[in-house]
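Both counts, for ligands and for their atoms, begin at 1 and track the order of listing. For clarity, every value in this text was computed on a predicted model and none was experimentally measured.
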Amino acid sequence: MIRLEVFSGPFDAAHAGAELIVTTVLKAIRDRGTAFVALSGGRTPWPMFQELAKRELPWEKIIFFQVDERDCASGDDQRNLTHLLAALPSRARIEPMPVEAGMVGASIYAARLAELLGQPPVLDLVHLGLGKDGHTASLVPGDPLLDEYYHDVAWSSDAYQGHRRMTLTYPLLNRARLIFWLVTGADKRPAVEGLLAGDATLPAARLNAKQCILLADNKAVGTG
Ligand code: 6PG
């Protein structure tokens with residue numbers, strides 16, 4: 001079941017996303033001493049990251065992971081890490097996906113997650129975006145990765161929008177305590193409708209985490 005929250009515009013939705021991250025990490029720190037959060041790429045979350053960076057947080061008690069990363073050079077504008085580093089404060093502890101390590105990089109990242117979170121790794125919060133084709137993370141329609149239910153981190157089978165991607169997979173995402181999508185814009189409306197309808201042809205709709213929230217602006221749900 002996905003809880004839907006609709007906002008009047010993209011910045012209100014982004015602010016709500018930042019607030020959800022703040023409240024979730026503070027509770028995780030109270031309960032377990034450290035908060036483990038995975039953040040997606042794409043452009044939609046940039047205002048959310050900027051809002052989050054303004055908040056007074058115990059940054060040293062939060063570890064940020066990447067949900068996915070494109071296979072391109074360090075510092076490239078196409079790298080999701082480039083935008084995370086630009087938006088979050090320098091005190092933020094970010095565990096970058098080691099795309100430079102090639103295929104073995106996925107195993108390296110899975111081992112790092114297990115080292116920091118224990119086995120099996122359980123993230124406190126996962127932020128996801130939604131593509132127009134219903135992809136989420138870098139789980140894209142038609143990729144055999146959609147049937148990966150053993151490894152927590154893997155490489156996409158082919159290039160997608162110009163790059164191969166390393167991505168968290170359903171086993172790890174489904175174990176998260178809370179997943180939220182931040183989706184804005186009229187172009188995402190069909191994917192949002194399919195996600196809410198549970199259309200399993202959409203990779204996003206195949207997620208089965210305990211608690212899922214969709215933060216959307218009115219254009220993405222067709223009321224704006
Ligand atoms: C990526 C993302 C991807 C993204 C969606 C939405 O690396 O591309 O993780 O899953 O969240 O494609 O992207 P936009 O927010 O740019 O529309």
- Please say which of Q78, R79, R165 ends up in a side chain to side chain donor-acceptor pair (under 3.5 Å) with E69. R79

- So which protein residues pack against ligand 1 under 4.0 Å, heavy atoms counted?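 Contacting ligand 1 under 4.0 Å are S40, G41, G42, R43, T44, D68, R70, N80, G129, L130, H135, A137, R165, K188.
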
- Message: Under a 3.5 Å distance rule, please check whether K188 uses its side chain to pair with a backbone N or O of L130 as donor and acceptor.
- Response: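 The answer is yes, because a donor-acceptor pair under 3.5 Å joins these two groups.
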
- List in chain and number order the residues that pass salt bridge (Lys or Arg N to Asp or Glu O under 4.0 Å) with D143, two or more places apart in sequence or in another chain; answer none if no residue qualifies. none

- Task: Tell me whether the centres of the aromatic rings in F49 and H83 are closer together than 6.0 Å.
- Result: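 Not close enough - the centres of the two rings lie 6.0 Å or further apart.
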
- Task: For residues 8-43, pull every pair meeting ring pair (Phe, Tyr, Trp, His ring centres under 6.0 Å), keeping only residues two or more places apart or in separate chains.
- Result: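 Matches after skipping sequence neighbours: none remain.
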
- Message: My understanding is that only residues two or more places apart in sequence, or in another chain, count here; which of them pass ring pair (Phe, Tyr, Trp, His ring centres under 6.0 Å) with Y170?
- Response: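 Ring pair (Phe, Tyr, Trp, His ring centres under 6.0 Å) list for Y170, sorted by chain: Y149.
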
